[in-house]
Amino acid sequence: MRYSAGMPSYVSHLEAAIDGTRLPAREQHTLHEGRPIWVRYDLGAVSRAMDKEVLQKRPPTIWRYRELLPAEDESVIVSLGEGMSPLLRCDRLGGSLGLSNLFIKDESQMPTGSFKDRGQTVAITMAKWFGVKRVAIPTAGNAGGSMAAYAARAGMEAFVFMPEDTPEINQYEAVQAGAHAYLVNGLINDCAKIVLDGRETMGWFDFSTLKEPYRIEGKKTMGLELAEQLDWSLPDVILYPTGGGTGLIGMWKAFQELDELGWLDGERMPRMVAVQSDGCCPIVRAFDRGEKFAEPFENATTIALGLRVPAAVGDFMILDAIRASDGCAVAVSEQRITEWMRLGTEAEGISIGPESAACIGAAESLLSSGWLTPDERVVLFNCGGARKYPKLIQAELPRLDKDHVPDWALFEADLTRE
Ligand SMILES: *Cc1c(COP(=O)(O)O)cnc(C)c1O
């Protein structure tokens, strides 16, 4: 079957994650009892409408999984061509860690340089369909830049609130896309409060992580793609840098849906690993203590800004997915993050951001504890690249004089230096 404008969505209803309350589709929702909401599909109808061959003929964007996404109408989709990030085999990095089947899914190649684009294309599409004209977001950086871009593409007004130490690139990309962007002398939860408080007066729609139901659906496509790229098999382990957790929650949802569609052929589910820095690891702490919810993390400090989320509204959803998958949560040393960034990029040429660098550290520690074994198939998510963090990668380059023959011995010395 070909999809066309006017093709209906397969959403059957929405469902409160905290207590299973059934909510109507095609109405605007935020939270239920202060907690996120799932989008549910008529998977029987999806399986009649879509198959693996049909999929292969479609363009390589996340909208190729149209039947598993909530857009009501093809013509309202707001897209920048996001999706189908490469799944790169990493033998050099794997070799240095002691893993013989390591892959990196490189989300730094998405339109605005992070996987946030997957969530924003769906959330902005739905907001537009609901007639929203003005959106606002608290952000650690990438979500704001991404929302600004998609809001521009949709012709919406965008307000972006970020901590004052957010990298310049995130500040400028939001402004460049026409967003009204502000620096706040606090953390992302302080920014979130401004967005919440302004809802009445400013009339904006709150785009905070998980406060509207559709970002998860976009993030879910990482799981759908991964399965498709591995020819409908799944890896043994997924290492995921976890802040708000949308990606981990979304991927786990994707695997359940594919399983229900019968597309996985009895594949074992991957063990999901939430990776955080020891400077901000509320999920790891709750996991270790066997708790259902996570306590807010005091004095959160990490250079991996995507991980600097002291309190996640979907904490129990992250913890459920980790536990249901037989996975775990790992905190790595904040001190070593830049070292792992360099290690990854030197080994593979992939621009590794500090968040994903933490996953390299997690691979190291899970291998040494025996939780991971050397030949397991491991996929590490590079959710954004080092390029967004010029300060973390800046280097002093030796200068040459154009009028003098270079000192060749200097180059030789450079080659032998560590
Ligand atoms: C947002 C972000 C994260 C955290 O993602 P969640 O799905 O919200 O946990 C990790 N890395 C980067 C680069 C990010 O932008």
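It should be emphasised that the depicted structure is a prediction, and the values quoted were computed from it without experimental measurement.
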Q) Do N170 and N142 have a side chain donor and acceptor closer than 3.5 Å? A) yes
Q) Charged N to carboxylate O under 4.0 angstrom, E291 versus R285? A) no
Q | Side-chain H-bond candidate by donor/acceptor type, S100 with D375, under 3.5 Å | A | no
Q: Could you grab the distance from atom CG of L224 to atom CZ of F255, nearest 0.5 Å is fine?
A: 8.5 Å
(Q) What verdict does the side-chain contact (heavy atoms from CB on, under 4.5 Å) test give for R40 and R22, after you've listed the backbone C-alpha separation in whole Å, the side-chain angles of each residue and the deciding distance to 0.1 Å? (A) CA-CA 10 Å; R40 297 298 185 200; R22 201 181 160 102; over 6 Å; no
Q) Taking N101 for the side chain and E376 for the main chain, is one N or O donor matched with an acceptor at less than 3.5 Å? A) no
(Q) Under a plain distance cut-off of 3.5 Å, with no hydrogens placed, do S233 and D231 share a side-chain donor-acceptor pair? (A) no
Q. Taking atom CZ of R342 as the centre, does the number of heavy atoms from other residues, nucleotides or ligands within less than 6.0 Å exceed 12?
A. no
Q) Step by step, would you call E364 with R336 a side-chain contact (heavy atoms from CB on, under 4.5 Å)? A) CA-CA 12 Å; E364 244 177 55; R336 295 188 58 197; 3.3 Å; yes
Q: Look at D315 together with R35 and state whether they make a salt bridge at an N to O cut-off of under 4.0 Å.
A: yes
Q: Assess whether atom CG of D265 is packed by more than 12 heavy atoms of other residues, nucleotides or ligands within 6.0 Å.
A: no
Q | ring pair (Phe, Tyr, Trp, His ring centres under 6.0 Å): pairs with one or both residues in residues 328-362, sequence neighbours excluded | A | none
Q.
Donor-acceptor check, side chain of N382 to backbone of S356, threshold 3.5 angstrom: yes or no?
A. no
Q. Counting N and O atoms only, with roles assigned by atom type, does the side chain of Y150 sit under 3.5 Å from a partner on the main chain of A123, one being a donor and the other an acceptor?
A. no
Q) Hey, are E225 and R64 close enough for a salt bridge, meaning a charged N less than 4.0 Å from a carboxylate O? A) no
(Q) Please check if the number of heavy atoms outside R26 that lie under 6.0 Å from its CZ is greater than 12. (A) yes
**Q.** E339 atom CD: more than 12 heavy-atom contacts under 6.0 Å
**A.** yes
Q | R89 atom CZ: more than 12 heavy-atom contacts under 6.0 Å | A | yes
Q.
With heavy-atom distances below 4.5 Å as the criterion, would you say the side chains of P282 and P310 are in contact?
A. no
Q.
I need the Y41 OH to K253 NZ distance, nearest 0.5 Å.
A. 5.0 Å
Q. Does G244 offer a backbone N or O that forms a donor-acceptor pair with the side chain of T209 under 3.5 Å?
A. no
Q) For the atom pair OG1 (T301) and CZ (R308), what is the distance rounded to the nearest 0.5 Å? A) 8.5 Å
Q) Quick one: do the S85 and E107 side chains pair a donor with an acceptor below 3.5 Å? A) yes
Q: Please confirm whether the backbone N or O of G141 pairs with a side-chain atom of K116, one donor and one acceptor, at under 3.5 Å?
A: no
Q: Take atom NZ of K391 as the centre, draw a 6.0 Å sphere, and report whether it contains more than 12 heavy atoms from other residues, nucleotides or ligands.
A: no
Q | Spacing of T121 atom OG1 and I77 atom CD1 [to the nearest 0.5 Å] | A | 7.0 Å
Q) Could you walk me through whether L366 and V273 pass the side-chain contact (heavy atoms from CB on, under 4.5 Å) check? A) CA-CA 10 Å; L366 292 172; V273 180; 4.0 Å; yes
Q) Are R153 and E82 close enough for a salt bridge, meaning some N to O gap below 4.0 Å? A) no
Q | Worked verdict on Y10 versus L68 for side-chain contact (heavy atoms from CB on, under 4.5 Å) | A | CA-CA 7 Å; Y10 290 86; L68 289 170; over 6 Å; no
**Q.** Spatial distance of atom OG (S108) from atom NZ (K388) [nearest 0.5 Å]
**A.** 9.5 Å
**Q.** E257 side chain to Y65 side chain, donor-acceptor N/O pair below 3.5 angstrom
**A.** no
Q. When you look at CG of N299, are more than 12 heavy atoms from neighbouring residues, nucleotides or ligands closer to it than 6.0 Å?
A. no
Q | Ring-ring centroid check W204 F161, cutoff 6.0 Å | A | yes
**Q.** Distance, nearest 0.5 Å, that separates CG of L88 from CG of L93
**A.** 11.5 Å
Q) Would you say the side-chain atoms of T246 and R215 include a donor-acceptor pair closer than 3.5 Å? A) no
Q.
Donor-acceptor pair, distance only, cut-off 3.5 Å: does the side chain of E355 make one with the backbone of G306?
A. yes
Q) Side chains of Q276 and T242: donor-acceptor distance under 3.5 Å anywhere? A) no
